[in-house]
Amino acid sequence: MKPIITLEDISFKYQEDAEKYALKNISGSIYPGEWIAIIGHNGSGKSTLAKMINGLLLPQTGQVSVNQLPVNEENIWKVRQSVGMVFQNPDNQFVGSTVEDDVAFGLENSGVPREEMVIRVNDALTKVRMSDFKEKEPARLSGGQKQRVAIAGVIAISPDVIILDEATSMLDPKGRFEVIDTIKQLKEERNLTVISITHDIDEAANANRLFVMKQGELIHVGTPEEIFSYGEQLVEMGLDLPFPEKLKIELNQLGIETPNHYLTEEGMVEWLWTSSLNK
C-alpha cells in the first residue's frame with residue numbers, strides 16, 4: 001500500500017535567522033485509513049507539522065507529499081481538497097449566518113453546483129448528527145455542537161485526510177466524547193485517514209500509531225501499547241500518563257503486582273475482574 005502522506009527530511013524555522021528549529025529533519029509515512037495521533041508538550045512542533053501537511057506552511061528543506069503530489073504553491077488547492085483541517089476554536093472557522101450556510105461555504109468556493117451542494121450539506125450534517133440545527137446560528141451552539149459543525153464543513157468537501165488540531169481541547173468531557181465518537185464513525189464509513197494533534201492521552205489511545213514530538217524532532221513512533229509502555233518516562237517527555245498506567249503505579253505502591261504490558265481501560269477492567277484481587 002502506498003502512503004497517503006510522506007514526510008521526507010523536512011525542517012522549518014519561523015524566522016530563517018533563528019537558532020531554534022520548529023521542525024528538524026522529520027521523516028515518516030502515513031497510510032490510508034490510519035489514525036495517527038501526534039503528541040508532545042507545548043512547543044514541540046505538533047501544530048507546525050499539521051500545517052505542513054495541509055500546506056498552510058511549506059518546509060524550508062525537505063518535501064511533504066499528499067497522494068504522491070508534492071505540497072507546494074502550485075499544488076496547494078489540490079492538496080487542500082484531499083486534506084481538511086479542524087482547529088481548536090471552531091468559532092474561528094465559522095463564516096455563515098446559519099449552520100447550513102457555513103457547511104456550504106467550502107463547496108461554494110470550490111464551484112460545486114447548487115443541486116449537488118444541497119445533497120452534500122445535508123449528508124454531512126446527517127453524518128455528524130446536526131441536521132436538526134441547520135437553520136440555527138453557529139454562535140448559539142454548545143462547544144461540542146460547534147466542533148461537529150466544523151467537522152461537517154470539512155467532510156462535505158470529501159477529503160481523504162482530516163486533521164484535528166487540538167480540536168477537543170476546549171471541550172468538556174461530553175463534548176469531547178461527541179467529537180471523537182463522530183470521527184470514529186466517519187473514519188469507518190469513509191475509510192478516512194485521521195491525524196489528531198492532542199494533549200489528551202485518552203484521545204491518543206484511539207490511534208493506530210503515535211508520533212511523539214519533542215523540541216521539533218520526531219523522537220518516537222509506535223502503537224499506543226508500545227508508547228504507553230514507557231510508563232513514567234512519558235512524564236519526562238512532557239506527557240501525561242494514561243489512567244490505567246496511573247492505576248498500575250498506585251497498585252504497585254501498595255505491593256500489588258500488575259501486568260508489565262500496557263492495558264487499555266477495558267483491559268484494566270478485565271484484569272481487575274479476573275485477577276487475584278477478587279479472590
Side-chain angles (χ1 to χ4, degrees), residues 3-7 10-12 20-31 33-54 56-57 64 83 85-89 147 151 161-171 173 175-177 179-181 183-184 187 192-249 261-268:
I4 192 167
I5 294 167
T6 305
L7 311 169
I10 63 172
S11 294
F12 178 80
K20 183 180 178 182
Y21 280 90
L23 295 175
K24 187 175 181 181
N25 303 329
I26 304 289
S27 294
S29 296
I30 298 172
Y31 293 87
E34 277 198 296
W35 185 319
I36 300 294
I38 304 178
I39 61 176
H41 57 74
N42 287 333
S44 61
K46 305 185 302 296
S47 291
T48 303
L49 182 57
K51 290 171 183 174
M52 290 282 167
I53 295 170
N54 185 251
L56 290 172
L57 297 172
V64 181
V83 182
M85 199 161 180
V86 180
F87 295 94
Q88 182 180 53
N89 189 344
Q147 280 296 33
I151 292 168
V161 181
I162 186 167
I163 299 175
L164 307 174
D165 189 5
E166 302 280 9
T168 64
S169 64
M170 296 177 67
L171 303 179
R176 191 175 297 121
F177 173 81
V179 170
I180 294 303
D181 186 55
I183 292 295
K184 283 180 179 178
K187 180 183 180 299
L192 273 177
T193 302
V194 177
I195 300 173
S196 173
I197 316 298
T198 183
H199 283 93
D200 188 332
I201 289 293
D202 295 320
E203 179 181 327
N206 290 297
N208 303 113
R209 289 191 296 152
L210 306 185
F211 287 14
V212 185
M213 303 284 296
K214 185 176 182 179
Q215 296 179 352
E217 297 186 46
L218 182 59
I219 60 171
H220 294 292
V221 177
T223 64
E225 290 77 12
E226 290 168 342
I227 300 300
F228 294 160
S229 68
Y230 286 112
E232 292 185 276
Q233 293 180 48
L234 287 173
V235 178
E236 297 171 15
M237 300 177 199
L239 304 171
D240 195 11
L241 288 173
F243 174 74
E245 289 298 316
K246 291 180 179 178
L247 182 56
K248 282 167 63 175
I249 291 169
H261 61 279
Y262 172 71
L263 295 173
T264 62
E265 289 192 14
E266 292 81 1
M268 175 59 79

Handout entry: Within-4.5 Å side-chain heavy-atom neighbours: I162 and V86
Key = yes
Exercise for the section: First locate atom CD1 of I30, then atom CG of L7, and finally report the distance between them rounded to the nearest 0.5 Å. Expected result: 6.0 Å
Problem - Check: F12 and I26 side chains under 4.5 Å, non-hydrogen atoms - result: no
Practice task
Return yes when atom CZ of F87 has more than 12 non-hydrogen atoms of other residues, nucleotides or ligands closer than 6.0 Å, and no otherwise.
Solution key: yes
Exercise for the section: Give a yes or no on whether the backbone of G216 and the side-chain of S44 come within a donor-acceptor separation of less than 3.5 Å. Expected result: no
Handout entry: Donor-acceptor contact present, side-chain S11 to main-chain N25, <3.5 Å
Key = yes
Handout entry: From CA spacing to verdict: side-chain contact (heavy atoms from CB on, under 4.5 Å), M268, K248
Key = CA-CA 9 Å; M268 175 59 79; K248 282 167 63 175; 3.4 Å; yes
Exercise for the section: Grab the two heavy atoms, one from E166 and one from S169, that are nearest each other, plus how far apart they are. Expected result: O-OG, 3.0 Å
Problem - Side-chain touch I5/I36, heavy atoms, less than 4.5 angstrom - result: no
Exercise for the section: Write down the atom of A207, the atom of P224, and the distance for their closest heavy-atom approach. Expected result: O-CG, 3.2 Å
Practice task
Calculate, to the nearest 0.5 Å, the distance between atoms CD and CG belonging to E217 and L23 respectively.
Solution key: 10.0 Å
Practice task
Could you tell me the separation between the CD1 atom of I151 and the CG atom of L164, rounded to the nearest 0.5 Å?
Solution key: 6.0 Å
Problem - Sub-4.5 Å side-chain heavy-atom contact between I39 and H199 - result: no
Practice task
Give a yes or no on whether a salt bridge exists between E203 and R176, defined as a side-chain N under 4.0 angstrom from a carboxylate O.
Solution key: no
Practice task
Can you measure from OG (S29) to CD1 (I4) and round to the nearest 0.5 angstrom?
Solution key: 12.0 Å
Exercise for the section: Look up atom OH in Y31 and atom OG1 in T6, then write down how far apart they are to the nearest 0.5 Å. Expected result: 7.5 Å
In residues 45-54, what donor-acceptor pairs under 3.5 Å come from side-chain atoms, sequence neighbours left out?
from	atom 1	to	atom 2	distance (Å)
K46	NZ	G40	O	3.0
K46	NZ	H41	O	3.3
S47	OG	D165	OD1	2.8
S47	OG	D165	OD2	3.4
T48	OG1	Y14	OH	2.7
N54	ND2	V83	O	3.1

Fill in the blank from the handout: The reported gap from CE in M213 to NZ in K24 (rounded to nearest 0.5 angstrom) is 12.5 Å
Problem - Nearest heavy atoms of F211 and V221, plus distance in Å - result: CE1-CG1, 3.6 Å
